[in-house]
Amino acid sequence: MKRPAALLLLLLFATSLHTQNLTSEPQPDQELLNEWAEALAAEMEEGAEEAQQILMEQLLHLYQNPININTATREELQRIFFLSDLQIEALLFQRFQNKAFYSIYEMQTIEGMDAASLKMLAPLLRFDWEAQTSKKTFRPQADLFIRGQSQLQTQNGYRARPDGSIPFQGSPIKAYTRLEIKALKQVSLGLVAEKDQGEPLFTTQQPGPDYLSGYLQFQTDHILRKVIVGSYKLSSGQGLALQTGHATLKSSATTSIRNRQASYAPSLSVNEGGGCSGVLVDLGGEAWQLLPFFSRVQRDGRLDTLEQDGVVLRSLKSDGYHRTETERAQRKNTEEWVVGLTGKYLLPRMTLEAGLLHYQLEHPLQALPTTYNQHYWQGKSTHNFWLAGSGSVANMHWFAETAFNESSHPALWAGLQSLLKQTAELALGFRHFPLDYYAPLGGALSEASVPAGETGFYVGLELPLPAALTASGYLDAYSHRAARYGVSGPAKGFDLLLTLHHQTSSDWENTLRFRHRTKGVDRESEEPETVLGEQNQNQLRWQSRFTPGNNWMLTLRGDWQTVQKSGADRLAPGFFLSQDLRYTSNSKKWNATLRYAVFDAEEYATRIFAYEPDVLYSMSTPAHYGKGNRLVVLGKWTPLKGLDLWLRFSRWHYPGRESIGSGYAEIRGDKNREIKLQLRKRF
């Protein structure tokens, strides 16, 4: 590992010599980053680190390239995740009436715009007078990240077996490098490389990083607006047929159920389970857009050879691990092709979209038959086409999409958002997926990860109350027409979330959240025939945050969860309690965060997910399972302008246990420690 490290340091040193006189882009301070990260974690489902990371990247890009609020389009404003559609519509209407905004303070009068939103919004906007007085000469810019992390305990995968072989073929270090360069006004590029723990690097079987991706983007001011070669992500409508970034999720932002991702964007994601890589072209004018695209990706697959059918694909792997001989044999062994076209037409208060795509695999997908996958799509190729629209009427915003594959029955997602009595926000949504509907690049809001055969109705409400209180909640009732994993037949369920937020001042805020979920499951029975039952899950969370001055922040959080299945005893409840202490120096050059948590969740079903402080571009929401405690220490230091260093230490402790984990991931002892180091250099 000495040679790669030396090469990276040499590259960093050489690049800094050539760019030391360039002007760096503006960078948000740590407190603002923390606010964004915690807002993302609060709004997302547990375990949605990929979605959180994508949205954080969008916010950082907006910070470095603020939106001119007096010329911003609806689509540009929709990239700001914490603004609701109704707030955006109210902003655009007030701008139409007043012609222009001259400061953030004038925006306090926008209907539905609260102080918290304005505080996070201010750094992302610029006003006309700023654009006129700050005409800067373009200078090349670059942003480099280098990250390394490793567990300090040895997993079984690194121990020799009786025959002397070692399962994991690489070192226990996880390495990550990301570089973005804006070389010219019209040209930008990005590169990302990653090696997971246990994967080989710079060996005969793996001469370079296990994962390497990037993009080159060219843009003009003409009809041919942009061309992307390399990795990119796509989105259209509600995501019924096209959503390669991340699916729309149910969250504590209870009225935000419309897909608001950009139509496309270059991608530096390290998610090896999907995405597009090829060529995308953006053609358009003020009121129209055409996006032809082509993608060819090498995917991981579990292949099988049959006597009559030849080679078939049993399933596509998405975890991205290539540590053992078996995992490496499945590495990039099948090709995936996608070709398609999307179109968009913009009216004053309405947007219309349409598109089609063709999807093809190198080997036909033929999964081993089970009870729950008998209706899943199988074959070598399929296609989707769709129609979508959204718009505003008075104080109501509507959106809808219908999509098709080979089936003659369309999938549907439709909804509306409305402002009630100028204070409360209401959201309604209806979705229906036919049993034989399949969209390999889709990602609409749904209960099941494979939503075929699902029908659901969603209602969300956000209501300001007296005494600095805000109440919000949603109810999502759904049904499935066929068996799914763990459910041997059709079943119904619902998901209820209630949140009460109290903030008397900018120094102290409290949040109380309750969630109840009921879903169908197979009863635990010794009878040969499976009997359907239901599972009830209750979660209660309380969080209090206190900011005594400019330097300190204290956050206390407690979670309690119960699960009970039909015909079985109630499982032991899960419990989690954490205390965060954060200090930021007066100079803003360094800060430190300490978290200590205790948890008791002996049952896997009652495990508790909790967001943790982490380095930039790395979102961490681990599951707390078992009985023990958790320690996280995170520090950031900015010794020089444009240079940031992060150091993170974390530890799991399970008193009295002889081992942690199982299989190749098993660790001997009752502690599991990890260290992470990240360097960022901006040129």
Side-chain angles (χ1 to χ4, degrees), residues 24-43 52 56 59-60 62-64 66 82 104-105 114-125 145 468 501-511 541-558 576-598 610-621 629-651 675-682:
S24 298
E25 293 181 346
Q27 300 300 320
D29 59 37
Q30 186 64 27
E31 293 304 317
L32 184 60
L33 288 174
N34 290 331
E35 287 185 18
W36 286 346
E38 288 165 358
L40 283 168
E43 292 201 2
Q52 295 168 9
M56 176 63 83
L59 290 179
L60 287 171
L62 286 174
Y63 188 92
Q64 295 164 355
F82 50 80
I104 192 70
Y105 303 105
D114 56 274
S117 295
L118 285 174
K119 180 182 177 182
M120 292 193 292
L121 183 63
L124 307 178
L125 302 180
F145 283 84
H501 181 75
H502 181 231
Q503 184 165 3
T504 55
S505 66
S506 59
D507 299 335
W508 189 30
E509 60 176 317
N510 293 276
T511 303
R541 176 184 302 171
W542 170 69
Q543 179 173 290
S544 180
R545 176 169 294 133
F546 180 56
T547 310
N550 298 324
N551 302 99
W552 295 92
M553 177 181 287
L554 295 86
T555 305
L556 179 64
R557 169 178 163 176
F576 170 87
L577 181 66
S578 69
Q579 174 68 65
D580 288 13
L581 180 64
R582 179 182 301 149
Y583 177 79
T584 304
S585 67
N586 290 325
S587 65
K588 306 294 184 180
K589 287 189 175 182
W590 68 272
N591 62 77
T593 303
L594 171 68
R595 163 171 290 190
Y596 184 76
V598 294
Y611 164 76
E612 290 184 342
D614 210 331
V615 303
L616 185 61
Y617 284 147
S618 180
M619 307 295 288
S620 177
T621 313
N629 56 75
R630 175 74 165 160
L631 174 67
V632 178
V633 182
L634 174 66
K636 181 197 173 190
W637 180 39
T638 306
L640 299 172
K641 184 177 180 180
L643 179 64
D644 299 315
L645 299 171
W646 286 266
L647 178 63
R648 184 180 190 263
F649 171 80
S650 60
R651 185 208 67 191
I675 191 166
K676 182 185 296 186
L677 176 66
Q678 177 167 287
L679 176 148
R680 182 188 192 188
K681 183 70 176 80
R682 302 184 300 276

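Please read these numbers as outputs of a predicted model, since none were measured by experiment. No hydrogens, no waters, no symmetry mates; every other heavy atom, side chains included, goes into these values.
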S.K.: Rounded to the nearest 0.5 Å, what separation is found between the CZ atom of Phe576 and the CZ atom of Arg557?
M.R.: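 Between atom CZ of Phe576 and atom CZ of Arg557 there are 5.5 Å.
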
S.K.: Testing Lys589, Arg682, Lys681 for side chain to side chain contact (heavy atoms under 4.5 Å, CB included) with Asp644, which one passes?
M.R.: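 Going through the options one by one, the only one that passes is Arg682.
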
S.K.: Quick one: are Leu616 and Phe145 in side-chain contact, heavy atoms under 4.5 Å?
M.R.: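 Yes. Closest side-chain heavy atoms under 4.5 Å.
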
S.K.: Measure across Val632 and Pro613 and return the closest heavy-atom pair with its distance rounded to 0.1 Å.
M.R.: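 Smallest interatomic distance, heavy atoms only, reads CG1-O, 4.0 Å.
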
S.K.: Are any non-hydrogen side-chain atoms of Leu594 and Leu631 less than 4.5 angstrom apart?
M.R.: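 Of all side-chain heavy-atom pairs linking Leu631 with Leu594, at least one is under 4.5 Å.
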
S.K.: I'd like to check the side-chain hydrogen bond (donor to acceptor under 3.5 Å, both in side chains) partners of Ser544; sequence neighbours left out, ordered by chain and number.
M.R.: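 With sequence neighbours excluded, Ser544 shows a side-chain hydrogen bond (donor to acceptor under 3.5 Å, both in side chains) to Trp508, Asn510, given in chain and number order.
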
S.K.: Side chains of Tyr596 and Leu581: does their closest heavy-atom pair fall under 4.5 Å?
M.R.: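 Sidechains of Leu581 and Tyr596: no contact.
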
S.K.: Provide the closest heavy-atom pair for Tyr611 versus Thr621 in the form atom of the first, atom of the second, distance.
M.R.: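 Heavy atoms only, the tightest pair is N-CG2, 3.8 Å.
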
S.K.: Ignoring hydrogens, what is the shortest heavy-atom contact between Thr547 and Trp552? Give both atom names and the distance.
M.R.: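 Taking every non-hydrogen atom into account, CG2-O, 3.3 Å.
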
S.K.: May I ask you to test the Ser620-Arg648 pair for a side-chain heavy-atom distance under 4.5 Å?
M.R.: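 Ser620 vs Arg648: side chains touch.
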
S.K.: Hey, does Leu679 have a side-chain heavy atom less than 4.5 Å from the side chain of Leu643?
M.R.: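 Heavy-atom side-chain distance check passes, below 4.5 Å.
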
S.K.: Is the side chain of Glu509 donor-acceptor paired with the backbone N or O of Phe546 at a distance under 3.5 Å, no angle test?
M.R.: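 No, the answer is negative, given that no donor and acceptor are paired below the 3.5 Å cut-off.
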
S.K.: Please walk me through it: do Leu645 and Leu677 pass side-chain contact (heavy atoms from CB on, under 4.5 Å)?
M.R.: CA-CA 8 Å; Leu645 299 171; Leu677 176 66; 5.5 Å; no

S.K.: Applying salt bridge (charged side-chain N to carboxylate O under 4.0 Å, His left out) to Arg545 and Asp580, what does each step give before you reach the verdict?
M.R.: CA-CA 9 Å; Arg545 176 169 294 133; Asp580 288 13; over 6 Å; no

S.K.: So does Thr584 get a backbone contact from the side chain of Asn551, meaning a donor-acceptor N/O pair under 3.5 Å?
M.R.: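 Side chain of Asn551 to backbone of Thr584, a donor-acceptor pair under 3.5 Å: yes, one is there.
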
S.K.: Go through the steps for Asn629 and Arg651 under the test side-chain contact (heavy atoms from CB on, under 4.5 Å), then give the verdict.
M.R.: CA-CA 8 Å; Asn629 56 75; Arg651 185 208 67 191; 2.5 Å; yes

S.K.: For the residue pair Gln678 and Val615, what are the closest heavy atoms and their distance?
M.R.: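 Looking at all heavy atoms of both residues, the shortest contact is OE1-CG2, 3.5 Å.
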
S.K.: Kindly give the heavy-atom pair with the smallest separation between Asn550 and Lys588, and that separation in Å.
M.R.: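 Minimum heavy-atom separation between Asn550 and Lys588: O-NZ, 4.2 Å.
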
S.K.: Is there a side-chain contact (heavy atoms from CB on, under 4.5 Å) between Lys676 and Asp614? Walk through the geometry before answering.
M.R.: CA-CA 9 Å; Lys676 182 185 296 186; Asp614 210 331; 3.1 Å; yes

S.K.: Between Ser585 (side chain only) and Trp590 (backbone N and O only), is there a donor and an acceptor less than 3.5 Å apart?
M.R.: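 Such a contact is found between Ser585 side chain and Trp590 backbone.
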
S.K.: Do Ser587 and Thr638 come within less than 4.5 Å of each other through their side chains, counting heavy atoms only?
M.R.: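 Ser587 vs Thr638: side chains apart.
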
